[in-house]
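Reading through the structure tokens given below for one structure.
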Amino acid sequence: MSNKITSRSENFSKWYNDIIINADLAENSGVRGCMVIKPYGFAIWEEMKSLLDQMFKETGHVNAYFPIFIPKSFFSKEASHVDGFAKECAVVTHYRLKNDIDGNIIVDEEAKLEEELIVRPTSETIIWDTYKKWIKSYRDLPLLINQWANVVRWEMRTRLFLRTSEFLWQEGHTAHENKDQAIEETRKILAIYKDFIENNLAIPVVDGLKSSREKFAGAIDTYCVEALMQDGKALQAGTSHFLGQNFAKAFDVKFANRDGKLDYVWASSWGVSTRLIGALVMTHSDDRGLVLPPKLAPFQVVLVPIYHNEREYQELVSAMKKIAIQLRGLNIRVKTDFRDTHKPGWKFAEYEMKGVPIRIAMGPRDLANKTFELVRRDNLEKRTIEIDVIQDVIPNILAEMQSNLFSKANDFKKKNTFKVDDFDDFKAKIDNGGFVLAHWDGTPETEDEIKKITKATIRCIPIDSNHEKGECILTKKPSLKRVFFAKSY
RNA sequence: CGGGGUAUAGCGUAGUCCGGUUAUCGCGCGUCGUUUGGGACGACGAGGUCGCAGGUUCGAAUCCUGCUACCCCGACCA
């Protein structure tokens, strides 16, 4: 077995990096803080994209594309938005290079831009500048647009997939005629995210509102889904913002309403990013490598022949090609690995590292018995199965793995979610990792103080939780409900 | 931006304190042969401006100075 991977117990973040590198998902690039997403990692993103894209389209959204550059003046229009992002913006100041006397390439100082361009950290401003032209009447609403894009946030410290200076995401930007519709949209998307993440990534999440300290700069309310990683730290998996009329006012987007009066448009915006790949790794993977839920695995089944001579090889290849065709007919993503340059054992280790859900191996003995050997990645269980029943067995096992991974993660989440009423206990539980459900007096000052003492923040304020009266864990002031605290990524 | 560390072949490294022939080892890579039911083995081979620029010295990967890049720890963050 492989010793390329640091164990989780030894060093969790090293383990995480080892998985990313050895499973061939991504690597650091020549640009500080930016990663190269490798074909296998990108294939996972493509699976996510196509599933989510379908969900957006089924709910009436359409895709469009807006520029990567944002004039500085647009950016400055919404004050709190500027505050939120100013410290991490890349700025384009020139548009030309030239050779100096020594033949070095330098910036041509004469080619200075009249107005600097910001590389988008998010697109609200450029989009609302555009929506101003598109929206005149309630008949133009709702406007439900999504874009798949890259954004840049100049991060101090980066980690593959979890925080890089450039990352890929989708950002939805919608416009509505009234507040209720905008809030409904914001919550509808949150529900889509929860559904998508739980049912496809097999990651259980808690959903709710962000505290004012944690919410998106420029939003009235930020809704979120938060997941718990194997090391007990929380990871924000997606956010959906109710923007009120903040951006409509900043960009003067008014429409004639049904009463014939001019009013500002109501808005939402929402996004999930390639960070979800990091969530996937830290939720399901083990010390042997990546573990992928079948619904997102670029290959759900891999076929490996075991042979001793050319004749056996040919027989196995032709038998396995038939199996591949059969499985593809069931919409199963299949990879056949007939390479003669690597031994079976090598391939087994390789696909384990890459988290392929099911491995099918066939040798001469199987050929004689009309069987194959099946190993599933989640529990490494090995079975011999008759080829005749392959059409039933494979889909069943894939479905079982999908739900098995979810329930394993869900058990972990439950075991690591604690109701706490005493501050010493709070500190201890936070220190150990996990979600801590505790009362909070609702003030940013208290949240700050708790963060200072414990490094934990409020990850999520449940929306429909039973209103259980209590006392703030820190200040003992009255509180109406418990909120989720955790240390986070 | 503060505090610490590292830089030697594609990757991981020994050598640096205490300067001295041709810079060590493993993985990977190439050729050939034997192999193939859990990362095979043997033989041969290719691959290096020792991060960059100066300096000290008969002689520098090794000592000195400056620079650069990256990593870790903090503050900030999807």
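Just so we're on the same page: letters track the sequence lines, and every chain starts at 1.
For the P atom pair drawn from B:G42 and B:U35, the interatomic distance equals 16 Å after rounding to whole Å. On the C1' atoms, B:G2 is 29 Å away from B:C17, given to the nearest whole Å. Going from the P atom of B:G4 to that of B:G59 covers 35 Å, rounded to whole Å. Taking atom C1' in both B:G47 and B:A9, one finds a spacing of 6 Å when rounded to whole Å. The gap from the P atom of B:G10 to that of B:G30 amounts to 15 Å, rounded to the nearest Å. For the C1' atoms, the distance from B:A7 to B:U49 is 15 Å, rounded to whole Å. When the C1' atom is compared between B:U6 and B:U56, the two are found 25 Å apart, to the nearest whole Å. Between the P atoms of B:C63 and B:G5, the separation comes to 15 Å (whole Å).
Base contact: A:R359 has a heavy atom under 4.0 Å from a base atom. Residue A:N28 is classed as having no contact, given no heavy-atom separation below 4.0 Å to the nucleic acid. Contact annotation for A:T274: no contact, since no heavy-atom pair falls under 4.0 Å across all strands. Backbone-only engagement by A:R32 is indicated by non-hydrogen atom pairs under 4.0 Å involving sugar-phosphate atoms exclusively. Contacts of A:T239 with the nucleic acid, taken as non-hydrogen atoms under 4.0 Å apart, are absent. Note on A:L162: a base of the nucleic acid sits closer than 4.0 angstrom, heavy atoms only. If you check every strand for non-hydrogen atoms under 4.0 Å, A:F167 touches a base.
With RNA chain B read from its 5' end, the first of the two nearest nucleotides for A:E352 and A:R153 is the one closest to A:E352. Where A:T158 and A:S488 meet RNA chain B, the nucleotide closest to each residue was compared, and A:T158 sits on the side nearer the 5' end.
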>> Working note: A:R8 + A:D18, criterion salt bridge (Lys or Arg N to Asp or Glu O under 4.0 Å); need CA distance, chi angles, decisive distance, verdict.
In response: CA-CA 10 Å; A:R8 284 163 291 184; A:D18 287 349; over 6 Å; no

Atom pairs, protein N/O to nucleotides 32-36 of chain B N/O, distance under 3.5 Å:
| unit_1 | atom_1 | unit_2 | atom_2 | d |
| --- | --- | --- | --- | --- |
| B:U36 | O2' | A:Y307 | O | 2.9 |

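Between A:L25 and A:L290, some side-chain heavy-atom pair lies under the 4.5 Å cut-off. Residues A:V92 and A:F69 are in side-chain contact: their nearest non-hydrogen atoms beyond the backbone lie under 4.5 Å apart. Here the side chains of A:E198 and A:N410 are not in contact, with every heavy-atom distance at 4.5 Å or above.
A salt bridge links A:R376 to A:D378: at least one charged side-chain nitrogen sits closer than 4.0 Å to a carboxylate oxygen. With salt bridges taken as basic N to acidic carboxylate O contacts below 4.0 Å, one links A:E226 and A:K210.
Computed from coordinates, the A:M156 CE to B:G3 C1' distance equals 15 Å when rounded to whole Å.
The ring pair (Phe, Tyr, Trp, His ring centres under 6.0 Å) search around A:F484 returns A:F435, not counting sequence neighbours.
Distances shown here put a side-chain N or O of A:K451 below 4.0 Å from the OP1 or OP2 atom of B:C76.
A:W270 pairs in a ring-ring contact (aromatic ring centres under 6.0 Å, His included) with only one of the listed residues (A:W169, A:Y223, A:F56, A:F196), which is A:F56.
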